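Structure in structure tokens, see below.
Small disclaimer: the values here were computed from a predicted structure and weren't measured. Numbered from 1 within each chain, the chains take letters A, B, ... in sequence-line order.
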Protein chains: 2
Amino acid sequence: MADTAFVNKAKQTLRDNGYKLTGPRLMILEFMLESERHYSMKEICCGLQKKFSGIGTATVYRNVNLFLKLGIFRTSPVNNNQFYYTVNQPGDRHHHMICLKCGTRVEFNSCSFAFIAKEIENKTHFEIYDHTLEVYGLCPGCLAKKKDIARNRTAD
Amino acid sequence: MADTAFVNKAKQTLRDNGYKLTGPRLMILEFMLESERHYSMKEICCGLQKKFSGIGTATVYRNVNLFLKLGIFRTSPVNNNQFYYTVNQPGDRHHHMICLKCGTRVEFNSCSFAFIAKEIENKTHFEIYDHTLEVYGLCPGCLAKKKDIARNRTAD
DNA sequence: ATCGTTGCAAAAGTTTTGCACTCAA
DNA sequence: TTGAGTGCAAAACTTTTGCAACGAT
């Protein structure tokens, strides 16, 4: 059901780094894989405590941060002031369109990034491993609303 | 000394949105413009309280967040778990190279983004206002060290 | 059997709020 | 003159830590 390949790879990463395969760690993994959404820390804590009562907040914090360190999870910044956590799928291109009005987040693929990557490597002499591209604007829905408002001369 | 054009534009933005031009607000602006670095909220609070004793923490929080809302400041995510604040210069392209080893942050320009922007607008039907591109990898210095280590067969 | 991991509760740290006073417009 | 903005202190919220008990290896 949950992404077995991902779980196995995570287990291996834990083992390789000398960490144990404990109940709470597997719960957290399972929870995050159930729907591969972006969760705030609070959502993860609440969600897990509802599902598996008995898991402590400290444990969630400790392990989410551990998973982050091991690259099993990653964060993405939302609204200038909060981090959301998500499963770090290797194929993820980490490109997001974020609506400035309603906060909608859309993940998209950009096939042109490889092209830009080369340009960046030449310019900075860094060796590129990964990247995130966050694009801010108005989603089609809010764009339509904005045009309506302009048409009716109504204030925001 | 401080970026007068930026200050004037910020003042105008405040006025346009019905906010007053107060002492603390100008202090915060001045502080952030002194060196256009990325500051954590704590650094801003401490720095300001050292420079202009008497400015309250609540005031700093209130106004940094106000400036964020008005687009006078912006944040950038650092190390998966903290936001840093900086002056939002209109010319900023918001492209960063971050070294995974030593944390060095390099700002660079990518002339190709306009090309990708078009592609994204077509794909998502969003109207693009702004973006940030965070690229992770190894900086030239750490790359060199890594090669040394490989050569000497020394563990990390 | 050992030692990393856990849950709990307390501590520490961060951000927000309530309020009387102040000051920009 | 007056309401938005301020500093302060308290409250609320978030994250970390200390520790005895537990359980994966």
Side-chain angles (χ1 to χ4, degrees), chain A residues 7-8 10-32 38-70 72-73 75 77-85, chain B residues 7-8 10-32 38-70 72-73 75 77-85:
Chain A
V7 174
N8 286 340
K11 285 182 179 175
Q12 195 55 50
T13 306
L14 283 169
R15 262 192 294 264
D16 290 350
N17 290 274
Y19 295 102
K20 288 181 182 169
L21 244 53
T22 66
R25 285 187 181 147
L26 297 178
M27 285 176 200
I28 295 172
L29 266 179
E30 195 182 310
F31 175 78
M32 295 292 283
H38 297 78
Y39 294 94
S40 68
M41 190 61 96
K42 205 174 155 187
E43 288 176 315
I44 302 175
C45 286
C46 294
L48 279 168
Q49 277 156 3
K50 211 172 289 172
K51 248 178 109 64
F52 315 91
S53 57
I55 188 167
T57 311
T59 303
V60 176
Y61 272 90
R62 281 188 283 236
N63 287 311
V64 168
N65 286 318
L66 174 65
F67 288 171
L68 224 48
K69 199 181 79 180
L70 297 178
I72 295 170
F73 291 170
T75 56
V78 172
N79 284 340
N80 264 333
N81 57 19
Q82 229 204 327
F83 281 104
Y84 276 70
Y85 299 83
Chain B
V7 174
N8 286 340
K11 284 181 179 176
Q12 196 54 51
T13 305
L14 283 170
R15 263 192 295 263
D16 290 351
N17 289 277
Y19 295 103
K20 291 180 180 169
L21 244 54
T22 66
R25 283 185 185 152
L26 297 178
M27 284 177 203
I28 294 171
L29 266 179
E30 196 182 309
F31 175 79
M32 295 292 282
H38 297 76
Y39 293 95
S40 68
M41 190 61 96
K42 206 174 157 187
E43 288 175 317
I44 302 175
C45 287
C46 294
L48 279 167
Q49 279 157 3
K50 212 171 289 172
K51 247 177 110 63
F52 315 91
S53 56
I55 188 168
T57 311
T59 303
V60 176
Y61 272 91
R62 281 188 282 236
N63 287 310
V64 168
N65 285 319
L66 175 65
F67 288 170
L68 224 49
K69 199 180 81 180
L70 297 177
I72 296 171
F73 291 170
T75 55
V78 172
N79 284 340
N80 263 332
N81 57 19
Q82 230 202 327
F83 281 104
Y84 277 71
Y85 299 83

Original post:
Just to confirm, is there a sub-4.0 Å distance from OP1 or OP2 of dT15(D) to any side-chain nitrogen or oxygen of Thr57(A)?
Top reply: no
Original post:
Is it true that a side-chain atom of Arg25(B) and a backbone atom of Lys20(B) form a donor plus acceptor pair closer than 3.5 Å?
Top reply: yes
**OP:** Could you check how far CG of Leu48(B) sits from C1' of dT6(D), rounded to whole Å?
**Re:** 14 Å
Original post:
Using a cut-off of 4.0 Å on non-hydrogen atoms, how would the nucleic acid contact of Gly54(B) be classed: base, sugar-phosphate, or nothing?
Top reply: sugar-phosphate
Original post:
Between Leu29(A) (CG) and dT5(C) (P), how many Å, whole number?
Top reply: 14 Å
**OP:** Output yes when at least one side-chain N/O atom of Asn65(B) is less than 4.0 Å from OP1 or OP2 of dT16(C), else no.
**Re:** yes
Subject >> Phosphate OP1/OP2 of dG5(D): any Thr59(B) side-chain N/O under 4.0 Å >> reply: no
Original post:
Do the rings of Phe73(A) and Phe67(A) sit parallel, tilted or perpendicular, given the 30° and 60° boundaries?
Top reply: perpendicular
Original post:
In whole angstroms, how far is the C1' atom of dA24(C) from the CE atom of Met27(B)?
Top reply: 14 Å
**OP:** Check every atom of dA24(C), dT14(D), dT6(D) against the side chain of Leu21(B) and return the nucleotide holding the closest atom.
**Re:** dA24(C)
Original post:
Once you round it to whole Å, what is the distance between C1' of dA24(D) and OH of Tyr19(A)?
Top reply: 16 Å
Original post:
Quick one: CD1 on Ile55(A) to CD1 on Ile44(A), what's the gap to the nearest 0.5 Å?
Top reply: 10.5 Å
**OP:** Taking the side chain as every heavy atom from C-beta outward, state whether Tyr61(A) and Cys45(A) have any pair of such atoms under 4.5 Å apart.
**Re:** yes
Original post:
Thr57(A) versus Gln49(A): any side-chain heavy-atom pair under 4.5 Å?
Top reply: yes
Original post:
Considering heavy-atom distances to DNA chain C, does Ala58(B) or Lys20(B) have its closest nucleotide positioned more toward the 5' end?
Top reply: Ala58(B)
Original post:
When the distance from CE of Met41(A) to P of dT15(D) is rounded to whole Å, what number comes out?
Top reply: 6 Å
Subject >> Atom-pair distance (CD on Gln82(A); P on dT14(D)), nearest Å >> reply: 9 Å
Subject >> For atom CD1 of Ile28(A) and atom C1' of dT5(C), their distance in whole Å >> reply: 12 Å
Subject >> Any Arg25(B) side-chain N or O less than 4.0 Å from OP1/OP2 of dG5(D) >> reply: yes
Original post:
Please give, in whole Å, the distance from dT22(C) C1' to Arg62(B) CZ?
Top reply: 13 Å
